[in-house]
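Quick notes on the structure that follows.
Naming convention: chains lettered A, B, ... in sequence-line order (proteins, then strands); numbering from 1 in each chain.
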Protein chains: 2
Amino acid sequence: MNTTHTERADADPPVMRVSAVQQPEDRVFAALASPVRREVLRLLRVQGPQPVAELAAHFAMARPSFSEHLKVLREAGLASETKVGRQRLYQLEAVPLHEVQEWLGPFEQFWRAKLAGLSALLDSLEDDES
Amino acid sequence: MNTTHTERADADPPVMRVSAVQQPEDRVFAALASPVRREVLRLLRVQGPQPVAELAAHFAMARPSFSEHLKVLREAGLASETKVGRQRLYQLEAVPLHEVQEWLGPFEQFWRAKLAGLSALLDSLEDDES
DNA sequence: GTGACAGGTAGGAGATTTCCTACCTATAGT
DNA sequence: ACTATAGGTAGGAAATCTCCTACCTGTCAC
């Protein structure tokens with residue numbers, strides 16, 4: 001049948017308003033949106049902690065630009081720095097990535113179904129609340 | 001004279017240049033960067049396929065703005081639409097999320113170590129690059 | 001001390017994102 | 001045919017992102 005009432009829409013259900021202050025989770029997802037920053041995280045993972053210059057060598061951009069990327073990673077909690085002499089060792093902080101993983105978790109059955117060609121299972125899940 | 005001939009930097013190792021054309025993976029991560037779009041994906045997951053109006057009811061924004069968000073999700077391959085009469089049913093397409101999951105995979109041991117308080121293990125992995 | 005080096009901040013240009021209002025297309029019902 | 005509904009596109013304002021050059025701070029070497 002039709003829906004119970006006409007679209008009263010934003011009165012009854014919880015309406016999402018994008019808050020001015022960024023939630024921690026938002027910062028993490030936003031940080032991952034840049035290919036440069038994802039590559040930095042990968043480098044920190046496979047090569048371990050290293051100074052800025054060593055990381056920056058992989059990117060064709062001016063140093064201050066790269067510095068900004070590091071700042072975004074720091075503020076998302078994805079990297080930390082340790083001062084060693086006049087250099088700063090950057091280190092991967094992976095815990096926030098765990099939150100991303102947890103966000104993805106509930107979706108897993110869907111792509112699993114799709115990848116296994118089990119569209120039937122998918123459909124049954126989807127039609128379940130109708 | 002700011003020529004940087006003292007830096008071996010971008011000669012030897014592969015230098016990352018952010019390509020003008022967005023890779024498919026970039027689109028997916030970029031799509032996930034918005035809290036609005038993540039919430040849309042969640043709604044499609046827990047409530048199944050539904051028309052635009054039903055989805056839009058959860059957000060305090062004008063319809064065309066919401067329409068743009070749907071476009072981003074479509075172009076990232078995260079949602080598909082099916083015309084049904086004069087409405088369009090949007091459906092979750094979860095497969096691209098699998099790629100995100102796979103990107104996260106190699107980081108898992110790091111947050112596992114951290115969450116278990118096994119910093120020792122973490123350090124041994126990091127120093128492994130010899 | 002002076003100078004070189006590592007890396008950050010300041011401020012701004014240009015591109016992109018995000019939102020808006022106005023308008024268009026397609027379908028359903030009368 | 002005419003009107004209402006569903007939802008998209010067009011174009012633009014404002015905010016944000018990404019990059020730059022110029023400059024500043026802190027540390028090592030002399």
OP1, OP2 of [N] versus side-chain N and O of [X]: anything below 4.0 Å?
X	N	answer
A:Arg63	D:dT21	no
A:His69	D:dC19	yes
A:Arg88	D:dG26	no

Lys/Arg-Asp/Glu bridge criterion (N-O < 4.0 Å) met for A:Glu25, B:Arg38: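 Salt bridge flag = yes for B:Arg38 with A:Glu25.
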Separation of [X] atom [atom1] from [N] atom [atom2], in whole Å?
X	N	atom1	atom2	result
B:Leu73	C:dT18	CG	P	11 Å
A:Glu75	C:dG8	CD	C1'	13 Å
B:Lys83	C:dA26	NZ	C1'	6 Å
B:Asp26	C:dT16	CG	C1'	14 Å
A:Gln50	C:dA6	CD	P	15 Å
B:Met61	D:dG8	CE	P	14 Å
A:Lys71	D:dT18	NZ	P	13 Å
B:Phe66	D:dA6	CZ	C1'	13 Å

5′-ward residue of the pair A:Glu68/A:Gly85 relative to DNA chain D: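 Counting from the 5' end, the first nearest nucleotide belongs to A:Glu68.
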Nearest-nucleotide wise, let me know which of A:Ser65 and A:Ala30 is further upstream toward the 5' end of DNA chain D.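 The answer here is A:Ala30.
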Side chain of [X]: nearest nucleotide among [options]?
X	options	answer
A:Leu70	C:dG8, C:dA26, D:dC19	C:dG8
A:Glu81	C:dA26, C:dG8, D:dC19	C:dG8
B:Gln87	C:dC20, C:dG8, D:dG7	D:dG7

Using a 4.0 Å heavy-atom cut-off across all strands, classify A:Pro64 as base, sugar-phosphate, or nothing.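 It contacts base atoms.
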Which is true for B:Tyr90 with a 4.0 Å heavy-atom rule: it touches a base, it touches only sugar-phosphate, or it touches nothing?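 Counting heavy atoms under 4.0 Å across all strands, the contact made by B:Tyr90 is with sugar-phosphate only.
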Evaluate the side-chain proximity of A:Leu32 to B:Leu32: yes if any heavy-atom separation is below 4.5 Å, no if none is.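 No, side chains not in contact.
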Only counting residues at least two apart or in another chain, list the ones meeting side chain to side chain contact (heavy atoms under 4.5 Å, CB included) with A:Arg37.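 A:Arg37 satisfies side chain to side chain contact (heavy atoms under 4.5 Å, CB included) with A:Ala31, A:Ser34, A:His69, A:Val72, A:Leu73 once adjacent residues are dropped.
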From B:Glu99 atom CD to B:Leu104 atom CG, the distance as rounded to the nearest 0.5 Å: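 If I round to the nearest 0.5 Å, the distance is 12.0 Å.
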Upstream residue (5' side of DNA chain C) when A:Arg86 and A:Ser67 are each assigned their closest nucleotide: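 Counting from the 5' end, the first nearest nucleotide belongs to A:Arg86.
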Side-chain hydrophobic cluster, 4.5 Å single linkage: members besides A:Val84: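 Direct or chained contacts put A:Val84 with A:Leu89.
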